[in-house]
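Both backbone and side-chain heavy atoms feed into the values below; hydrogens, waters and symmetry mates do not. Start at 1 and go down the list; that is how both ligands and their atoms are numbered.
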Amino acid sequence: RGIERLGDLIAEARAIVPFTGAGISTECGIPDFRSPGGIWTRNRPIPFDEFVASQEARDESWRRRFAMEQIFAAAKPGRGHRALASLYRAGKVPAVITQNIDNLHQASGFAPEHVIELHGNTTYARCIGCGQSYQLDWVKRRFDDDGAAPNCTACDEPVKTATISFGQMMPDDEMQRATALSQACDLFIAIGSSLVVWPAAGFPVMAKRAGARLVIINREPTDQDDIADLVIHHDIGETLGPFVGN
Ligand code: OAD
Ligand code: ZN
C-alpha cells in the first residue's frame, strides 16, 4: 500500500529531492550509527575540538578509519542508491542531499556536483588548516612509518578524513544548496535517517513548510513522522527496489 502511494507521489512530482542517511547503505555492508551494532553503539564519537587538541585522539580516529577500510572499499551502491540514480537520469531528481560519507551516490551515477554532502566524505582526507587534499593511502603510509597520524606537508596542521565531526562547522556552500533544493522541490523523501542530528534534520521540516510533500522511509519511527504525508516503516531496498530502472 505504502509503495503504491509512493509510486503515485513520484509520478506526480516534478522535482524530487531525496535526503539520505546511513540506513540507505546498510544493505551495502556499511553499519549505521544508532541501530543495534551501529557505530555509536560501539565507539564514542570523537568531537572536533578533541581531534584538534590531541595527537592521541587523531591516532584513534585514524585507527578506526583504517579498520573500516575493507568495508568502504568493497561497498557497492544498493537498491536505494540505484533507484535514486534512475530517477536522477529520468530528470525527476535534480540532486541528492546526503548525510552519508561513503561516496555511494556518486558511485551509483550521480554527478559529483549533484551530491550535496552535508557531513563530508570519508574516501579522502583534508588538512584542517589549509584544506589541502590527501589520499588515504598517503595517510596510511605515513601512519605506518611514523606510528602516528600525520600533519600537512604544507602547513603542518593535522590531516583528517574529509568528514564533518561533531563540533565542526557545517560546510557553507552545501548548507546553502540544500536549503535552496529543499525550498524548491515538490516532493522531499527522507530515506534511512533517524533525523536526530541537526542542522541536517532541519531540511525535511524546511521542505514541508515550503509546500513540498514529505515522505519518510525508515525502519524505525522518527520525530518527524507526524508531519509527513506518507511514512513507510519498511526496508529501504525492498521499498525502492521497484523504482530501479535502467
Ligand atoms: P542513524 O544510524 O542515526 O539512523 C539510521 C536509520 O536508518 C535508523 O533509524 C535505522 O532504523 C534505519 N535503517 C537502517 N537500515 C535500514 C534499512 N535497510 N531499511 C530501512 N531503514 C533502515 O544514521 P543517520 O540518521 O544517517 O553524522 O545519522 C545522522 C548522522 O549522525 C550521521 O550523518 C553522522 C552521525 O553522527 C556525523 O557524524 C556528524
Ligand atoms: Zn595544510
Legend entry - Which atom of Trp62 lies closest to which atom of Ala125, heavy atoms considered: CH2-CB, 3.8 Å
Legend entry - Apex the Zn ion (ligand 2); atoms Cys130 SG and Cys127 SG; angle rounded to 10 degrees: 110°
Legend entry - Check: Glu157/Gln132 side-chain N/O donor and acceptor closer than 3.5 Å: no
Legend entry - Test item, His234 contacting ligand 1 (heavy atom, 4.0 angstrom): yes
Inset, instruction - Pull out every atom of ligand 1 sitting under 4.0 Å from any heavy atom of Glu220, numbered as shown with elements. - result: 8 (C), 9 (O), 10 (C), 11 (O)
Inset, instruction - Would you kindly say whether Gln224 and Lys208 are connected by a side-chain donor-acceptor distance under 3.5 Å? - result: no
Legend entry - Protein contact of atom 26 (O) of ligand 1 - nearest heavy atom, named by residue and atom, plus distance: Ala22 N, 2.8 Å
Legend entry - Aromatic ring pairing Phe166/Trp40, orientation class (parallel under 30°, perpendicular over 60°, tilted between): tilted
Legend entry - For ligand 1, the portion of Gln99 having any non-hydrogen atom under 4.0 Å away: both
Inset, instruction - Just need the protein heavy atom nearest to atom 15 (N) of ligand 1, so name the residue and atom and give the distance. - result: Thr26 OG1, 2.9 Å
Inset, instruction - May I ask you to identify the nearest protein heavy atom to atom 25 (O) of ligand 1, giving residue, atom name and distance to one decimal place in Å? - result: Ser193 OG, 2.7 Å
Legend entry - Heavy-atom nearest neighbour of atom 5 (C) of ligand 1 within options Pro221, Ala200, Gly192: Gly192
Legend entry - For Gly21, atoms of ligand 1 separated by under 4.0 Å from a heavy atom: 26 (O)
Legend entry - Any donor-acceptor N/O pair, Ser193 side chain to Gly21 backbone, under 3.5 Å: no
Legend entry - Residues, nucleotides or ligands: over 12 heavy atoms within 6.0 Å of Asp8 CG: yes
Legend entry - Pair Met68-Thr122, side-chain contact (heavy atoms from CB on, under 4.5 Å): steps then yes or no: CA-CA 10 Å; Met68 294 279 292; Thr122 194; over 6 Å; no
Legend entry - Any His119 heavy atom less than 4.0 Å from ligand 1: yes
Inset, instruction - Using a 4.0 Å heavy-atom threshold (strictly under), name the region of Ile217 that reaches ligand 1: side chain, backbone, both or neither. - result: neither
Inset, instruction - Measure from atom 18 (N) of ligand 1 to every heavy atom in Ile236, Thr222, Asp235 and give the option owning the shortest one. - result: Asp235
Legend entry - Residues Arg141, Asp145: salt bridge by 4.0 Å N-O rule: no
Legend entry - Heavy-atom gap Gly38 to ligand 1 smaller than 4.0 Å: no
Legend entry - Which residue and heavy atom of the protein sit nearest atom 32 (C) of ligand 1, plus the separation: Phe33 CE1, 3.5 Å
Inset, instruction - Can you pull out the closest protein heavy atom to atom 7 (O) of ligand 1? Residue, atom name and distance to 0.1 Å, please. - result: Asn218 OD1, 3.1 Å
Inset, instruction - State whether the side chain of Gln55 and the backbone N or O of Ala149 hold a donor-acceptor pair below 3.5 Å, judged by distance alone. - result: yes
Inset, instruction - Note the single closest protein heavy atom to atom 39 (C) of ligand 1, along with its residue, its atom name and the distance in Å. - result: Ile164 O, 3.3 Å
Inset, instruction - Report yes if some N/O of Ser165 lies less than 3.5 Å from some N/O of ligand 1; otherwise report no. - result: no
Legend entry - Neighbour count >12 (heavy atoms, 6.0 Å) for atom CZ, Arg63: yes
Legend entry - Gln99 and Phe19, any side-chain heavy atoms less than 4.5 Å apart: yes
Inset, instruction - Look at atom CD of Glu4 and say whether more than 12 heavy atoms of other residues, nucleotides or ligands are closer to it than 6.0 Å. - result: no
Inset, instruction - Considering heavy atoms of the protein only, find what lies nearest to atom 28 (O) of ligand 1 and give residue, atom and distance to 0.1 Å. - result: Arg34 NH1, 3.2 Å
Legend entry - Nearest neighbour of atom 1 (P) of ligand 1 from the list Ala190, Ser194, Gly23, on a heavy-atom basis: Ser194
Inset, instruction - Can you sort out which atoms of ligand 1 are near Ser35, meaning under 4.0 Å from one of its heavy atoms? - result: 10 (C), 11 (O)
Inset, instruction - Please identify which atoms of ligand 1 are closer than 4.0 Å to at least one heavy atom of Phe166. - result: 36 (O)
Legend entry - Ala11 versus Lys92, closest heavy-atom pair with distance: O-NZ, 3.2 Å
Inset, instruction - Give the residue and atom name of whichever protein heavy atom lies nearest to atom 21 (N) of ligand 1, and the separation in Å to one decimal. - result: Arg219 N, 3.0 Å
